[in-house]
Every structure is written in C-alpha cells, then in structure tokens.
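Heads up: numbering here begins at 1 and tracks the sequence. In what follows, every heavy atom counts, from backbone to side chain, and hydrogens, waters and symmetry copies are set aside.
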Amino acid sequence: MSRSTQARLLRQTRRIHRWTGIALFLFFIVIGITSVLLGWKKNSGGYLLAATSTGSQMNAANWLSLDSLQRLAVTYRINKGHTASNIDRIDIRPDKGIAKVLFKDSYDALQLDMATGQVLLEEKRRADFIEHLHDGSIVDELLGLKSGAFKLIYTTITGLALLTFSLTGFWLWYGPRRMRHSS
C-alpha cells in the first residue's frame, strides 16, 4: 500500500472515530457511569443492592404457599398507601428462607419470611433502575414499548460503536507506526 493511500486511510479512520464519538457521546457517558455503579452494587453497603435477609425456617415443608405470600405482600403495600400493587415476580431464596416480591409499578420490593409471611425488609431496587438505564430498557418502559425495540436498537448501536472505536482506535495507533516503518 502506498504512503498516500495509507495517509488517506488514516484520515478516514480518524473521521469515523471522531464522528462516532460525537454522535454517541451521551450514550457512552450513561453506559460508563452505570457500568461502574453496577460493578459496585454488591459493595455499596446496601444502597444499590439491599442485603438479603434470612428467614426463620429453611425447611420448605414449613413455608407458606406462594398465593398466601402474594396476598400478604399486596395487603402490606396497600396498607402502606400504594394504590396499585401488581407483582412482577417472586424470587425464592431457599437457602435464606425468604421470598423477594418485586412490583411492576415501581422499583420497590419486599423480602418476606417464607414461614411466617413477616416483612423482613422493604427495599428500593436501585440496581434494577441503574440496569434499565444501562441497557436502555427504561426508554421502552417510559414509552410503553412492550417489544423492547428501543433497547434492541440502543444496544446494537452502542455495541457496534464500541467495536468501531476499538478497530479505529487500534488503527489510529498502529497506522502511523506502520507508515514510519514502511518509508
């Protein structure tokens, strides 16, 4: 490859690198900040990710039924002044004897003792919110897009941009060295 061809390729690479960076600057700031927070969530002293409580019984034979736990969780939320208490999911932690009840209408959750149904912890699921910011699914939620279209477009664009930055960044480092050695 001639020196002028190499120089032209280097200029084009620099343009691609620059304009990709300008166009996606805000996305990369959000991804960078949320990546750090997600990496630290278990070491945040319970702020980003609440510690998992321990129930009174680890023996599943002594646990309440899921419909009983569901009813207790919804009643608890209504008594606390929440109008809607649609349950998104219930995560069972058999080794801890608890059920984490997560709600659709908020980033709130309850940790219930599987044997007594007692609320052991009310938690704000900040890590879930940060994850939704990180992967773009928060926009789907805000716009009511059940298909997850924004998340798919967002992650595809940012993933391809990361590959583009890696390749163009390498070439911006390697290209001038190659030109110096070829002359």
Side-chain angles (χ1 to χ4, degrees), residues 24-163:
L24 299 174
F25 173 76
L26 286 177
F27 286 166
F28 289 133
I29 292 296
V30 169
I31 290 171
I33 291 169
T34 56
S35 292
V36 170
L37 291 172
L38 288 171
W40 278 87
K41 70 182 177 185
K42 288 186 178 180
N43 302 87
S44 68
Y47 184 74
L48 297 177
L49 183 68
T52 302
S53 301
T54 302
S56 59
Q57 288 284 324
M58 304 313 143
N59 183 355
N62 298 326
W63 291 349
L64 297 172
S65 64
L66 285 179
D67 65 323
S68 295
L69 291 170
Q70 181 176 344
R71 205 171 22 262
L72 288 167
V74 169
T75 302
Y76 182 87
R77 291 260 300 173
I78 290 171
N79 290 340
K80 286 288 192 173
H82 296 276
T83 53
S85 291
N86 296 326
I87 293 177
D88 181 39
R89 66 185 179 274
I90 301 175
D91 292 340
I92 306 297
R93 304 295 169 96
D95 59 325
K96 297 279 191 170
I98 64 122
K100 288 187 177 190
V101 182
L102 289 73
F103 297 93
K104 287 182 183 178
D105 59 334
S106 67
Y107 289 101
D108 296 332
L110 298 174
Q111 293 185 23
L112 302 179
D113 185 308
M114 291 289 293
T116 66
Q118 177 187 358
V119 175
L120 301 173
L121 181 67
E122 290 181 65
E123 64 176 286
K124 276 282 185 211
R125 298 190 55 87
R126 293 176 184 93
D128 289 356
F129 173 75
I130 293 167
E131 185 179 322
H132 290 165
L133 277 175
H134 182 76
D135 69 10
S137 60
I138 195 162
V139 175
D140 287 322
E141 289 174 20
L142 292 172
L143 297 177
L145 302 174
K146 302 256 188 254
S147 65
F150 182 84
K151 176 183 175 179
L152 290 173
I153 293 167
Y154 174 78
T155 55
T156 300
I157 288 172
T158 55
L160 292 173
L162 182 59
L163 289 171

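Counting heavy atoms from C-beta outward, Val101 and Gln70 have side chains that stay 4.5 Å or more apart. The shortest side-chain heavy-atom distance between His134 and Leu37 does not fall under the 4.5 Å cut-off. Between Leu121 and Leu110 there is no side-chain heavy-atom pair separated by less than 4.5 Å. Side chains of Leu66 and Ile92 form a contact here, defined as non-hydrogen atoms less than 4.5 Å apart.
Nearest approach of Lys104 to Ile87, heavy atoms of both residues: CE-O, 3.6 Å. Closest non-hydrogen pair, Ala50 versus Glu123, comes out as CB-OE1, 3.6 Å. Here the shortest heavy-atom pairing between Met58 and Trp63 reads O-CZ2, 3.7 Å. Across every non-hydrogen atom of Leu49 and Ser44, the tightest pair is N-OG, 3.8 Å. Heavy atoms only, all atoms of each residue included: Asp135 and Lys151 are closest at O-CG, 3.2 Å. Here the closest non-hydrogen pair linking Asp128 and Leu102 is OD2-CD2, 4.0 Å.
Phe27 and Tyr154 have perpendicular rings, their planes meeting at more than 60° on a 0 to 90° scale where under 30° would count as parallel.
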Open item on the list: If you apply the rule side-chain contact (heavy atoms from CB on, under 4.5 Å), what do you find for Ser53 with Gln118, and how did you get there?
Closed with: CA-CA 11 Å; Ser53 301; Gln118 177 187 358; over 6 Å; no
Open item on the list: Set out, in order, the CA-CA distance, both residues' side-chain angles and the distance that settles side-chain contact (heavy atoms from CB on, under 4.5 Å) for Leu120 and Lys96, then state yes or no.
Closed with: CA-CA 12 Å; Leu120 301 173; Lys96 297 279 191 170; over 6 Å; no
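Thr158 contributes atom OG1, which lies 10.0 Å from atom CG of Leu163 (distance to the nearest 0.5 angstrom). Interatomic distance, CD1 of Ile33 versus CG of Leu133, reported as 10.0 Å (0.5 Å rounding). A distance of 11.0 Å separates CD1 in Ile157 from CG in Leu152, rounded to the nearest 0.5 Å. Taken from CG in Leu143 to CG in Asp140, the straight-line distance is 7.0 Å, to the nearest 0.5 Å.
Salt bridge absent: Asp108 and Arg125 never bring a charged side-chain N and a carboxylate O closer than 4.0 Å.
Of the possible polar contacts, one joining the Arg126 side chain to the Tyr47 backbone as a donor-acceptor pair under 3.5 Å is found. Between the side chain of Gln57 and the backbone N or O of Ala115 there is no donor-acceptor pair closer than 3.5 Å. Side-chain atoms of Asp113 come within 3.5 Å of backbone atoms of Ser56 as a donor-acceptor pair (strictly under, hydrogens ignored). No donor-acceptor distance shorter than 3.5 angstrom exists from the side chain of Thr75 to the backbone of Leu72, with no hydrogens or angles considered.
Separation of the His82 and Phe103 ring centroids does not fall under the 6.0 Å cut-off.
Of the candidates Leu38, Ile130, Asn43, Ile130 is the only one forming a side chain to side chain contact (heavy atoms under 4.5 Å, CB included) with Leu48. For the side chain to side chain contact (heavy atoms under 4.5 Å, CB included) test with Met114, the passing option among Asn62, Leu64, Leu69 is Leu69; the others fail.
Environment of CZ in Phe129: sparse, with no more than 12 heavy atoms of neighbouring residues, nucleotides or ligands closer than 6.0 Å.
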